[in-house]
**Q** 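Below is the structure I would like to discuss, written out as structure tokens.
Letters go in sequence order (proteins before strands), and every chain restarts at 1.
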Amino acid sequence: MEVLVQLYTAILSLIPFEPVRNAINMLVPTLAIASMVLGIVFILIWWERRLIAFVQARLGPNRLGPGGIFQSFADALKVMLKEDIVTADADVILFTIAPILVFVPGLLVYSLVPVGNGMIVSNVNVAIFLFLAISSITTLGILMAGWSSNNKYSLMGGIRAVAQAISYEIPLLLSIVGVIMLAGSLSMVDIVQSQNVWNIVRQPLGFIIFFICSLSEVNRIPFDLPEAESELVSGYNTEYSGFKFAMFFLAEYINTFTLGALCTTLFFGGWRFPFDNLLGDIGLQLTAQLGIVWFILKTMFFFSVVVWIRGTLPRVRTDQLMAFAWKYLLPAALLNIFVTSIFAAIGFGVFSR
Amino acid sequence: MQKVERVSATGKYFKDLFDGIVAIYKGMRLTFIYMFAPKVTEIYPDVKRPLPQRFRGRFAFLYDKEDGHMLCIGCYACVKVCPPQTIVLETHKGEDKKIKVDKYDINIGECISCSNCVEVCPVGALEMTHEFETATFEQSDLFYDMHKLAKYVEKPNMYIPPEPPKIKK
Ligand code: SF4
Ligand code: SF4
């Protein structure tokens, strides 16, 4: 994989004109990562349906292509051919913007995630803050969709999404503070490079809080109140059809993949091969050459865990959701910061930098 | 008198937390086991499961295999007994004063596969087959005449119901 990066750099240096070179250097990696993510999403949809079927002792889609892997392409094609319906008295402008506002931030955050050794679109030094800031725009899009649909179920879904996001954003941010403290940097690349011992060993509580909160942020099943099928028809996207609905649908999977990517980057050593610094030269070579493979494998693992949770847990009630965030997660996150900062200050064992 | 157990607020807080973790652990373990359990789905068009012996699908209109004569004697019993009245039978008296069957049509879309016609037939001229995939694209394809319903059998005899499956104790 490093060969690819080197090749790309070599070709880039042939271009004489500085502004042109910069423009191309922005465009190519962005397109590469965006198309990679969109390609993966199609596989994710199929994989989720298969896995959830396995949990329920079914087989899931298995007719189209090997193991049914082309099923999601067929579904995408079907959804694009459908009529694009706008409700009567809908706020047409907001109604149109909303799916874009949900979809684009989901893709945009991938410019901040290092998917391999040196494979990052922009290595911002406040990457985590930027990441959380961009991804919280999604909630606004959901509220917009709920409001503009002129439908009580949609509005209810939108309101729930905002209430949930406000409650869960706080423990989410606090749970990352421990990681930032240990790495001494907000840059994702620095965080990955600081993990000679994976952060899960140093921050188990932080990881659990982070995982639960991000499940809630991407509205996956125990916390899927904004689109609770049994209560709100389909929640904020009830009135959407055709391509706009497809954007909501894809955004949900992209966000779930982002959840996995963030868990991998912050707590499971990003693109690094397990124990690469202990394995010596082989480990370092595996990390350097095949970084993207480890990254995708780890992320897929977390995606599978999310699906597994979906197959197990029922949806929580709104009051339980709020009580859980404020009564359990927030104190636990504060405790985590407290303990981590003491250990980091003493420089105890694996906590030493 | 029921004994009321008093738990302090702090105790309840940690008990709830512990109970929640245990419940989630149990659920997650169960679903993990089910992920690798044998699946119940039948891969229908590729693998068909064996039908029971007395399965009632579309019925067949029997002919003798040796000389090809139809077994039906045109007695109209099946026409009368058919609940949705879907059998259309037309006969005429031949020169040898025997009844000849001109037409024996049914609409398979109306037939409810009740097997009344098979059981009432005095000569055993009808039989229930195991064919059940009778869906068509055209409504007109649902009309079956006696050639489409034909089935040639050796040694035709009276209808004898097959033995019911033995129930094991
Ligand atoms: S099986 Fe029942 S419904 Fe069908 S033709 Fe015979 S008597 Fe009529
Ligand atoms: S009951 Fe049997 S013999 Fe009589 S008309 Fe029907 S098929 Fe023919």
**Q** Report the C-alpha distance between F249(A) and Y253(A) in whole Å, list the side-chain angles of each, state the deciding distance to 0.1 Å, and finish with yes or no for ring-ring contact (aromatic ring centres under 6.0 Å, His included).
**A** CA-CA 7 Å; F249(A) 193 70; Y253(A) 281 89; 5.2 Å; yes
**Q** Below 6.0 angstrom between ring centroids: does that apply to F223(A) and Y168(A)?
**A**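 Distance test on ring centres: under 6.0 Å, yes.
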**Q** Heavy atom to heavy atom, less than 4.5 Å: which residues from residues 134-152 of chain B reach chain A?
**A**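 Within residues 134-152 of chain B, near chain A: nothing under 4.5 Å.
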**Q** Given that the side chain runs from C-beta out, which part of P331(A) has a heavy atom under 4.5 Å from chain B: side chain, backbone, both or neither?
**A**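 For P331(A), side-chain heavy atoms alone lie under 4.5 Å from chain B.
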**Q** Scan side-chain atoms only and decide if S230(A) and R315(A) contain a donor-acceptor pair under the 3.5 Å cut-off.
**A**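 Checked: S230(A)/R315(A) side chains pair up, N/O donor to acceptor below 3.5 Å.
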**Q** By a 4.5 Å heavy-atom criterion (distance strictly below it), what part of I52(A) contacts chain B: side chain, backbone, both, or neither?
**A**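 Interface part for I52(A): neither.
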**Q** Between Y13(B) and chain A, with a heavy-atom cut-off of 4.5 Å, which part of the residue counts as in contact: side chain, backbone, both or neither?
**A**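 Both backbone and side chain.
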**Q** Look at the rings of F55(B) and H130(B) and say which category their plane angle falls in: under 30° parallel, 30 to 60° tilted, over 60° perpendicular.
**A**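 Perpendicular.
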**Q** If I measure from the heavy atoms of chain A, does L30(B) come under 4.5 Å with its side chain, its backbone, both, or neither?
**A**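 Neither part.
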**Q** Given a strict heavy-atom distance threshold of 4.5 Å, which part of L313(A) is in contact with chain B: side chain, backbone, both, or neither?
**A**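 For L313(A), the contact with chain B is made by the side chain alone.
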**Q** Below 6.0 angstrom between ring centroids: does that apply to F301(A) and F268(A)?
**A**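 For F301(A) and F268(A), the ring centres are not under 6.0 Å apart.
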**Q** Output yes when a side-chain donor or acceptor of R58(B) lies under 3.5 Å from a complementary backbone atom of E131(B), and no otherwise.
**A**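 Absent.
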**Q** For the backbone of S304(A) and the side chain of W47(A), can you confirm whether one donor and one acceptor N or O come within less than 3.5 Å of each other?
**A**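 Pair absent, no side-chain N/O of W47(A) close to backbone of S304(A).
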**Q** Hey, does the side chain of Q164(A) reach the backbone of S216(A) with a donor-acceptor pair shorter than 3.5 angstrom?
**A**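 Yes: the side chain of Q164(A) pairs with the backbone of S216(A).
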